Amino acid sequence: HDYRIRRDAQRFVSHTTDLSSSTDPSNVSVQIIDIPKELCEVYERKEIGQPVTLTGPYSPLEANHSSCHYATKMRRVQIDGESINSVGLEEEQHCNYRRLLVAFGVHLSQTRQIVSLRHTTLMPSIRGLPALIAMIFAPTIELRLDEEGKMKTGVLCGLGFNPVTNTSLYPDHDMDIGFDVQISTEDLVRINEIRKQMNLALYSAESAGNKDLMRSVRRTITTELQKLLEAKRPPNRNNYFGTFQWNRLNPDDRVPKMAEDVSPDHLKLFPLHDDVITRTVDIDDEYRLKMMYHLIWLREKATITTFMCQITCELCDMDFNFTSDLFAHLSSSQHRELVRQLQLTHCI
Ligand SMILES: [Zn+2]
């Protein structure tokens, strides 16, 4: 269970007094227990003698699915009960790699926070496949670097942003995907080559009808795809925190991609992606270094699923008792502005 989304939980406060000591009221300890709403309902029904429907038990081997899109990422994903994929098992419990499940029919429930899927296909277990597929077909991407700028940690995919307002053009369909494997510059070159070939085949009706061109396009794409999917990639252990915010990349870190052999007019359908420079940065200032590690630590704390916490954001000097509040704080404009003022070379 992810208790961060349990906003409906009812809170019970119980007071216990330590009788062994004096009657000093400061000895009263307060214990706050969160009880899920469903559990309260079960208890109430039992009290008035109504039948109670129990669900579960759930196996830890059963796979969980979640949506990549911003609009549905917090919703529960349910696969059609008649589908062979309705119950999926984690084949590799010990490794923490995401797999890709593709659905032809996606239904959003109006009343319940559920996404129902029909006609699903579970893609092969290739490490990093969700991110690679997203980068091959996304209209625009923005790569993310770790705090020290040494490694690519994730990618924001979507239609891009409005440069005037700095807001996403179509936020609902944006996907912020963390890399669970290391994505190299070579991978990006391959992805761009595939995109270039797709452009060559599709930029006009004549090109799509040119048999020689199509044959060469198909051959190149097959070779590049094969190399891309067969490459061995080391794991990426970064704890990624998707913010879904565009234009967070330092312009100096961008490496624009140019294809000299192709006219820019032919690259409009799938524009080539920019790469980013990964490098070693030196943080001389002691405070900035301390804050950088504190921010990494905060982000890790915010992504763990424990509901209660007692954490201070030392940058803003604010205390948090609930992980959900800390999670929200890390994306707040006030916090992000202070992070920006730290002038760490890369976004956190
Ligand atoms: Zn803060």
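Quick caveat: nothing in here was measured; it's all calculated off a predicted structure. Here, residue 1 is the first one in the sequence, and each next residue gets the next number.
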Next on the checklist: Would you say Leu272 ends up clustered with Leu249 if hydrophobic residues are merged whenever their side chains have heavy atoms under 4.5 Å apart, either directly or through other cluster members?
Outcome noted: yes

Checklist entry - Under 4.5 Å between any side-chain heavy atoms of His329 and His335, yes or no? => result yes

Next on the checklist: Using the rule given for side chain to side chain contact (heavy atoms under 4.5 Å, CB included), can you reason through Phe179 versus Val155, listing the C-alpha separation, both sets of side-chain angles and the distance that settles it, and then say yes or no?
Outcome noted: CA-CA 8 Å; Phe179 293 150; Val155 63; 3.7 Å; yes

Checklist entry - Can any side-chain N or O of Asn199 pair as donor or acceptor with the backbone N or O of Phe270 at less than 3.5 Å? => result yes

Item to check | Partners passing side-chain hydrogen bond (donor to acceptor under 3.5 Å, both in side chains) against Asp180 (at least two apart in sequence or in another chain) | outcome: none

Checklist entry - Under a 4.5 Å side-chain heavy-atom rule over Ile, Leu, Val, Met, Phe, Trp and Tyr, are Met175 and Leu108 clustered together? => result no

Item to check | Sequence-distant partners of Glu186, salt bridge (charged side-chain N to carboxylate O under 4.0 Å, His left out), two or more places apart | outcome: Arg190

Please tabulate, one pair per line, all N/O donor-acceptor pairs under 3.5 Å involving side-chain atoms of residues 131-143, not counting sequence neighbours.
residue : atom : partner : partner atom : Å
Glu142  : OE1  : Asn247  : N            : 2.8
Glu142  : OE2  : Arg144  : NH1          : 2.8
Glu142  : OE2  : Asn247  : N            : 3.1
Glu142  : OE2  : Arg248  : N            : 2.9

Checklist entry - Does Asp176 have any salt bridge (charged side-chain N to carboxylate O under 4.0 Å, His left out) partners at least two apart in sequence or in another chain, and if so, which? => result none

Please list every donor-acceptor pair under 3.5 Å in which a side-chain atom of residues 213-221 meets a protein atom from a residue at least two apart or in another chain.
residue : atom : partner : partner atom : Å
Arg215  : NH1  : Asp212  : OD1          : 3.3
Thr220  : OG1  : Ser216  : O            : 2.7

Next on the checklist: Just verifying a value: how many Å separate Ser116 OG and Asp80 CG, rounded to the nearest 0.5 Å?
Outcome noted: 8.5 Å

Checklist entry - So do Arg99 and Leu129 actually touch side chain to side chain, heavy atoms under 4.5 Å? => result no

Item to check | Side chain proximity check, Trp246 to Asn166, heavy atoms < 4.5 angstrom | outcome: no

Item to check | Side-chain heavy-atom pair Ile191, Arg195 within 4.5 angstrom cut-off | outcome: yes

Checklist outcome for this item: Taking every heavy atom of Thr120 against every heavy atom of Asn85, the minimum-distance pair comes out as OG1-ND2, 3.0 Å

Next on the checklist: Taking Val189's backbone N and O only, do any of them form a donor-acceptor pair with Asn192's side chain (distance below 3.5 Å, no angle check)?
Outcome noted: no

Item to check | Rounded distance (nearest 0.5 Å) linking atom OH of Tyr97 with atom CD1 of Ile126 | outcome: 13.5 Å

Checklist outcome for this item: Tightest non-hydrogen contact, residues Val77 and His65, listed as CB-O, 3.6 Å

Can you give me every donor-acceptor pair (side chain of residues 66-73, partner residue at least two apart or in another chain, under 3.5 Å) with its distance?
residue : atom : partner : partner atom : Å
Ser67   : OG   : His69   : N            : 3.3
Ser67   : OG   : Thr72   : OG1          : 2.5

Checklist entry - How about Phe241 and Ser331: do any of their side-chain heavy atoms sit closer than 4.5 Å? => result yes

Next on the checklist: Within this structure, what is the CG-CZ distance for the pair Leu330 and Arg336, rounded to the nearest 0.5 Å?
Outcome noted: 8.5 Å

Checklist entry - Do you know the tightest heavy-atom contact between Leu228 and Asp187? => result CD1-O, 3.8 Å

Next on the checklist: Tell me if the CD1 atom of Ile84 is crowded by more than 12 foreign heavy atoms within 6.0 Å.
Outcome noted: no

Next on the checklist: Would you compute the distance between atom CZ of Arg75 and atom CD1 of Ile114 and round it to the nearest 0.5 angstrom?
Outcome noted: 9.0 Å

Checklist entry - Partners of Tyr240 by ring-ring contact (aromatic ring centres under 6.0 Å, His included), sequence neighbours excluded? => result none

Checklist entry - Are the side chains of Ile183 and Val181 in touch, meaning some heavy atoms are under 4.5 Å apart? => result yes

Item to check | Asn236: partners by side-chain hydrogen bond (donor to acceptor under 3.5 Å, both in side chains), with sequence neighbours left out | outcome: Asn238

Item to check | Least distance between heavy atoms, Glu224 atom then Ile194 atom | outcome: CB-CG1, 3.7 Å

Show me the side-chain donor-acceptor pairs of residues 307-320 shorter than 3.5 Å, one per line, residues at least two apart or across chains.
residue : atom : partner : partner atom : Å
Thr312  : OG1  : Asp319  : OD1          : 2.7

Next on the checklist: Taking the side chain as everything from C-beta on, heavy atoms only, tell me whether Met151 gets closer than 4.5 Å to Gln182.
Outcome noted: yes

Next on the checklist: The criterion is salt bridge (charged side-chain N to carboxylate O under 4.0 Å, His left out); which residues satisfy it with Glu337, sequence neighbours excluded?
Outcome noted: Arg340

Item to check | Gap between atom NZ of Lys232 and atom CD of Glu230 - 0.5 Å precision | outcome: 8.0 Å

Next on the checklist: Suppose we screen for salt bridge (charged side-chain N to carboxylate O under 4.0 Å, His left out). Which residues come up paired with Lys268, at least two apart in sequence or across chains?
Outcome noted: Asp265

Item to check | Ile296 CD1 to Asn239 CG distance, which is reported to the nearest 0.5 Å | outcome: 11.0 Å

Checklist entry - Is Leu122 linked to Val102 within one hydrophobic cluster, defined over Ile, Leu, Val, Met, Phe, Trp and Tyr using a side-chain heavy-atom separation of less than 4.5 Å? => result no

Item to check | CD (Gln50) with more than 12 external heavy atoms under 6.0 Å | outcome: yes

Next on the checklist: A side-chain contact here means heavy atoms from C-beta on lying under 4.5 Å apart; do Leu117 and Val106 qualify?
Outcome noted: yes

Next on the checklist: Membership question, hydrophobic clusters at under 4.5 Å side-chain separation (ILVMFWY): are Tyr203 and Met198 in the same one?
Outcome noted: no

Checklist entry - Restricting to pairs with a member in residues 151-164, which pass salt bridge (Lys or Arg N to Asp or Glu O under 4.0 Å), not counting sequence neighbours? => result Lys152-Asp275

Next on the checklist: Hydrophobic cluster membership, with links at side-chain heavy-atom distances under 4.5 Å among I/L/V/M/F/W/Y: are Leu269 and Leu225 in one?
Outcome noted: yes

